[in-house]
Amino acid sequence: MKIGVFDSGLGGLTVLQAVTKVMKGVELFYVADTKNAPYGEKTPEQILQYSLDITAYFLKAHQIDALIIACNTATSAAVKTLREKYPELIIIGTEPGIKPALEQTKTGSIGVLATPATLVGEKYQDLVNVLSAKEDVTLYEQACPGLVEQIEKGEIESSKTAQMLERWLHPMRENDVDTIVLGCTHYPLVAHKIEEIMQREMNLIHTGDAIAKRLLALSETKGHVNEGDLNISLYTTSHIDKEIVANIMGGDYTIEQITDL
Ligand code: DGL
């Protein structure tokens, strides 16, 4: 089985890494579209076009059977169109984990961190309207413009990143938030900084493991037998911080820059 996974950069590797823990005997192809990052500050039309181009590339160059949109922002802008255009393809998107957050919060105060595009997207608004209407909770939503760039630049530990997080997290700390939804696949890469700033043990919700399990279940319905080795090929459309890639993925992959996208 061949599986394509994409994101604007490093973030989707947090999903890919979860997939490698669950799936066996598959070929994994990952596109980090760093040329067009950050997606979260682009228009829905631009994000849709990037997603269509990458999916077309995966199908032409690697004949994929399944696609994981390892990006909340691209899922919001493109999953509907991609499913209409490619009904035969298994397509799994990434959505902010509001549901697990509602299950885990004890204080009833939940933070949501995401890109500007995800928070204003119709998909997120629908998700929140349906789920939070059922429970007595307060959501503290915070767009984090610039955070993806900081992570892509390798500035995870920098004081500028810490200051940005402090500004966004301060109201959450003051309001007894015990659960934060990491609504962008880049944000697990700064999870330790978030916990440091919140000064307490937090439920930090990201959905990589749930996506991996869903992929396994869907692929088995298509006859996949989950045994054998993994083959991982990473592609970037521009520069990427290879040290961060190695930290997330370990050593067993190839990486190359591509120009046909
Ligand atoms: N990692 C992407 C997400 O999950 C967004 C990154 C970006 O803004 O490029 O939303």
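Indexing begins at 1, ligand by ligand and atom by atom, following the structure's order. Since this is a predicted model, take the numbers as computed values, not measurements.
Listed by chain and residue number, the protein contacts of ligand 1 are D7, S8, P38, Y39, G40, C71, N72, T73, T115, V148, C184, T185, H186 (heavy atom within 4.0 angstrom).
Y124 is not listed as a side-chain neighbour of N72, based on a closest heavy-atom distance of 4.5 Å or more.
Across D53, D33, N36, D260, a single residue satisfies side chain to side chain donor-acceptor pair (under 3.5 Å) together with T237, and that is D33.
Sorted by first then second residue, the salt bridge (Lys or Arg N to Asp or Glu O under 4.0 Å) pairs that include residues 55-77, not counting sequence neighbours, number zero. The ring pair (Phe, Tyr, Trp, His ring centres under 6.0 Å) contacts involving residues 179-222 comprise nothing, where partners must be two or more places apart or lie in separate chains.
Remark: Y57 engages H62 in a ring-ring contact (aromatic ring centres under 6.0 Å, His included) (not counting sequence neighbours).
Taking 4.0 Å as the cut-off between side-chain N and carboxylate O, R200 and E195 do not count as a salt-bridged pair.
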